[in-house]
Amino acid sequence: MIKYTSGAYGIQALLRFHGSAAYKALLPSLFSVLVYVVLDMVTALNYDPDMVQHPYALGALIVAFTFLLSFKATFSYNRYWEAVTAVHQMHSKWLDVGMDIRYWEAVT
């Protein structure tokens with residue numbers, strides 16, 4: 001279990017290496033930035049202002065990003081409810097153990 005210390009605006013939690021997915025995502029994101037910079041430099045030479053401003057191209061991008069965002073939100077929501085169910089089940093088992101102990105104390 002990761003123990004978090006409280007600090008100003010959660011800076012310690014943001015800069016924590018252990019258990020963080022941000023550091024695992026750093027290399028792929030830097031690669032994406034590098035690809036973007038190279039493409040931006042190449043297309044800056046022969047820039048066409050109507051290339052990206054077409055409504056169908058922007059609509060396709062918006063649909064793709066909306067799909068990705070909704071998929072990620074649904075996945076996170078399902079993980080949350082799976083964790084809540086596991087905690088509820090654990091609480092139920094601990095209550096069973098407590099009642100069994102109380103019963104055996106009363107009998108003996």
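Model, not experiment: these values are computed from the prediction. Positions are given from 1, in the same order as the sequence printed here.
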Scan the side chains in residues 57-76 for donor-acceptor partners under 3.5 Å anywhere in the protein, sequence neighbours excluded, and list what turns up.
from  : atom 1 : to    : atom 2 : distance (Å)
Thr66 : OG1    : Ile62 : O      : 2.6
Ser70 : OG     : Thr66 : O      : 3.1
Ser70 : OG     : Phe67 : O      : 3.0
Thr74 : OG1    : Ser70 : O      : 2.8
Ser76 : OG     : Lys72 : O      : 3.0

Apart from Ile101 itself, members of its ILVMFWY cluster (side-chain separation under 4.5 Å) are Val97

Pairs meeting criterion side-chain hydrogen bond (donor to acceptor under 3.5 Å, both in side chains) with involvement of residues 79-100, two or more places apart: Tyr77-Trp81

Linking Ile, Leu, Val, Met, Phe, Trp and Tyr by side-chain heavy atoms under 4.5 Å, what else ends up with Val35? Phe31, Leu39

